[in-house]
Visitor: 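One structure follows; several queries about it will come next.
This chain uses plain numbering: 1 for the first residue, then up along the sequence. None of these values were measured; they are calculated from a predicted model.
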Amino acid sequence: MTPKSKMDKNPSKIAEMFNSIAFCYRFVSRSMSFGLDKKWRKRAVKLLKDIKNPVILDVATGTGDLAIELTKLNPISVYAIDISTKMLEKATQKNIKKRLQMTIFPKVASAENLPFENNSFHAVTVAFGVRNFDNLEKGLQEIYRVMKPKGRVIILEISVPTKKLVKQLYHFYLTKIIPWWGGMISGKRSAYKYLSKSVLNFPNSEEFEKILTQIGFKVVETIKMTFGVVTIYCGEK
């Protein structure tokens, strides 16, 4: 495994990168996860099922799959933000098709500068986006700020398995297959090389839990799924 190193996460460059692959992002992501991403999102949303009529913020919403899944909770509203305008265009198209325009409200914004008042949301979610934050701690601090007291944060993120054989196979898949497949479909191999590298550079579950607690969150539950290739973090303000 290569050692972790500092990555260039210039927000404008990240937005440009996601804009360039927005047209095929959902297809590539679904094929690379063998369709399991739908199962992962459903499991994440279930962690919020006891909250009645919530107002929810979905950060780094991408093409809006998690925001749509969140509507099954019968929320008052779901605010869906992303720095990529092209990703949000795709999300908006899906919202219109599913007649969710009065429930889901897309908005261009970054995690590090959320355009919402303190204590606004019963829950905040992030699916496969927290590792792309320009400043991880600042983004998490912003999430904490906009959550209501006793509010819940659900973070679904790709992770690196710990078992040796699975870890080796996963590393090969992550560094060789994903850039090749994503590059072939999108014509942007560099984007998928970045996305693979972002997984390897993200803190492991113990390190990330420590960051969450330093921000002020109480870590309620950490759930590893599919041999540890994804992790769900559930925290409370």
Visitor: Kindly compute the distance separating CH2 (W181) from OH (Y173), expressed to the nearest 0.5 Å.
Guide: 9.5 Å

Visitor: Under a 4.5 Å side-chain heavy-atom rule over Ile, Leu, Val, Met, Phe, Trp and Tyr, are F27 and M184 clustered together?
Guide: yes

Visitor: Between N95 (side chain) and L100 (backbone), is there a donor-acceptor pair under 3.5 Å?
Guide: no

Visitor: Which atoms form the tightest heavy-atom contact between I81 and A111, and what is the distance?
Guide: CD1-N, 4.4 Å

Visitor: Can you tell which of F133, Y233, F217 makes a ring-ring contact (aromatic ring centres under 6.0 Å, His included) with F208?
Guide: Y233

Visitor: Are T175 and L200 close enough that some pair of their side-chain heavy atoms sits under 4.5 Å apart?
Guide: yes

Visitor: Could you give the distance from CD1 (I76) to NE2 (H122), rounded to the nearest 0.5 Å?
Guide: 6.5 Å

Visitor: Locate the shortest heavy-atom distance separating S20 from M17; write the atom from each residue and the value.
Guide: OG-O, 2.6 Å

Visitor: Hey, does K167 have a side-chain heavy atom less than 4.5 Å from the side chain of T162?
Guide: no

Visitor: One pair to check against side-chain contact (heavy atoms from CB on, under 4.5 Å): L136 and V130. What are the steps and the verdict?
Guide: CA-CA 7 Å; L136 178 59; V130 73; 3.6 Å; yes

Visitor: Would a 4.5 Å heavy-atom cut-off, applied to side chains only, mark I211 and P203 as touching?
Guide: yes

Visitor: Please determine, by modelled atom types, if T226 and W40 share a side-chain donor-acceptor pair under 3.5 angstrom.
Guide: yes

Visitor: Between R145 and E142, is the closest basic N to carboxylate O distance under 4.0 Å?
Guide: yes

Visitor: Rounded to the nearest 0.5 Å, what separates atom OG in S12 from atom CG in D134?
Guide: 9.5 Å

Visitor: Treating Ile, Leu, Val, Met, Phe, Trp and Tyr as nodes and any side-chain heavy-atom pair under 4.5 angstrom as an edge, say whether M147 and V220 lie in one connected cluster.
Guide: no

Visitor: For residues I154 and C234, report the shortest heavy-atom separation together with the two atoms involved.
Guide: CD1-SG, 3.6 Å

Visitor: Does the side chain of L195 come within less than 4.5 Å of V199's, by heavy atoms?
Guide: no

Visitor: Start with the C-alpha gap between L70 and I104, add the side-chain angles, then the distance that decides, and say whether side-chain contact (heavy atoms from CB on, under 4.5 Å) holds.
Guide: CA-CA 9 Å; L70 287 165; I104 300 176; over 6 Å; no

Visitor: Parallel, tilted or perpendicular: which fits the ring planes of Y79 and F116, with parallel below 30° and perpendicular above 60°?
Guide: perpendicular

Visitor: Does atom CD of E89 have more than 12 heavy-atom neighbours from other groups under 6.0 Å away?
Guide: yes

Visitor: Measure from the side-chain N and O atoms of S196 to the backbone N and O of L174, and report whether any donor-acceptor pair falls under 3.5 Å.
Guide: yes

Visitor: Do N132 and I83 come within less than 4.5 Å of each other through their side chains, counting heavy atoms only?
Guide: no

Visitor: Within the side chain of Y25, is there an N or O that forms a donor-acceptor pair under 3.5 Å with the backbone of S186?
Guide: no

Visitor: Using atom types as modelled and distance alone, determine if a side-chain donor or acceptor of E209 lies under 3.5 Å from a backbone N or O of V219.
Guide: no

Visitor: Can you tell me how far the CD1 atom of I158 sits from the OG atom of S29, to the nearest 0.5 Å?
Guide: 8.0 Å

Visitor: For S205, which of K210, E157, K224 qualifies under side-chain hydrogen bond (donor to acceptor under 3.5 Å, both in side chains)?
Guide: K224

Visitor: Ring of Y144, cation from K237 - is the NZ or CZ under 6.0 Å from the centre and inside 45° of the axis?
Guide: yes

Visitor: Indicate the atoms forming the closest heavy-atom contact of M32 with I178, along with that distance.
Guide: SD-CG2, 3.4 Å

Visitor: So, do L73 and I51 sit near enough that their side-chain heavy atoms are less than 4.5 Å apart?
Guide: no

Visitor: Restricting to non-hydrogen atoms, name the atom on N19 and the atom on K86 that form the minimum distance, rounded to 0.1 Å.
Guide: OD1-N, 3.0 Å

Visitor: When you compare the side chain of F121 with that of I56, does any pair of heavy atoms fall below 4.5 Å?
Guide: no

Visitor: Give a yes or no on whether the backbone of K90 and the side-chain of Q93 come within a donor-acceptor separation of less than 3.5 Å.
Guide: no

Visitor: Side-chain heavy atoms nearer than 4.5 Å, only ILVMFWY residues, links allowed to pass through others: does that put V108 and L66 together?
Guide: no

Visitor: For K94, is the NZ atom crowded, meaning more than 12 foreign heavy atoms sit under 6.0 Å from it?
Guide: yes

Visitor: Judged by atom type as modelled, is there a donor-acceptor pair below 3.5 Å linking the side chain of T71 to the main-chain atoms of I68?
Guide: yes

Visitor: Under the 3.5 angstrom rule, does the side chain of Y170 hit a backbone N or O of S159 as a donor-acceptor pair?
Guide: yes

Visitor: Would you name the heavy atoms of D37 and R30 that are closest together and state the gap between them?
Guide: OD2-NH2, 2.8 Å

Visitor: Is it true that Y192 and F172 fall in one hydrophobic cluster, defined by side-chain heavy atoms closer than 4.5 Å?
Guide: yes

Visitor: Does L36 share a hydrophobic cluster with V166, counting links as ILVMFWY side-chain heavy atoms below 4.5 Å and allowing steps through other members?
Guide: no

Visitor: Surrounding CZ of F227 (heavy atoms of other residues, nucleotides or ligands, distance under 6.0 Å), is the total greater than 12?
Guide: no

Visitor: When you look at T125 and L48, which way does the side-chain contact (heavy atoms from CB on, under 4.5 Å) test go after all the steps?
Guide: CA-CA 10 Å; T125 59; L48 300 173; 3.9 Å; yes

Visitor: Does any part of the side chain of L57, heavy atoms only, come nearer than 4.5 Å to the side chain of I143, both counted from C-beta?
Guide: no

Visitor: Are V55 and S120 close enough, and set up right, to give a side-chain contact (heavy atoms from CB on, under 4.5 Å), and what steps lead you there?
Guide: CA-CA 8 Å; V55 178; S120 295; over 6 Å; no

Visitor: Between R152 and L47 (side chain of the first, backbone of the second, donor and acceptor by atom type, cut-off under 3.5 Å), is there such a pair?
Guide: yes

Visitor: Heavy-atom count check: over 12 atoms from other residues, nucleotides or ligands less than 6.0 Å from K148 NZ?
Guide: yes

Visitor: Once rounded to the nearest 0.5 Å, what's the spacing between atom CD of E137 and atom CD of Q214?
Guide: 8.0 Å

Visitor: At what distance, to the nearest 0.5 angstrom, does CZ of R26 lie from CD1 of I21?
Guide: 15.0 Å

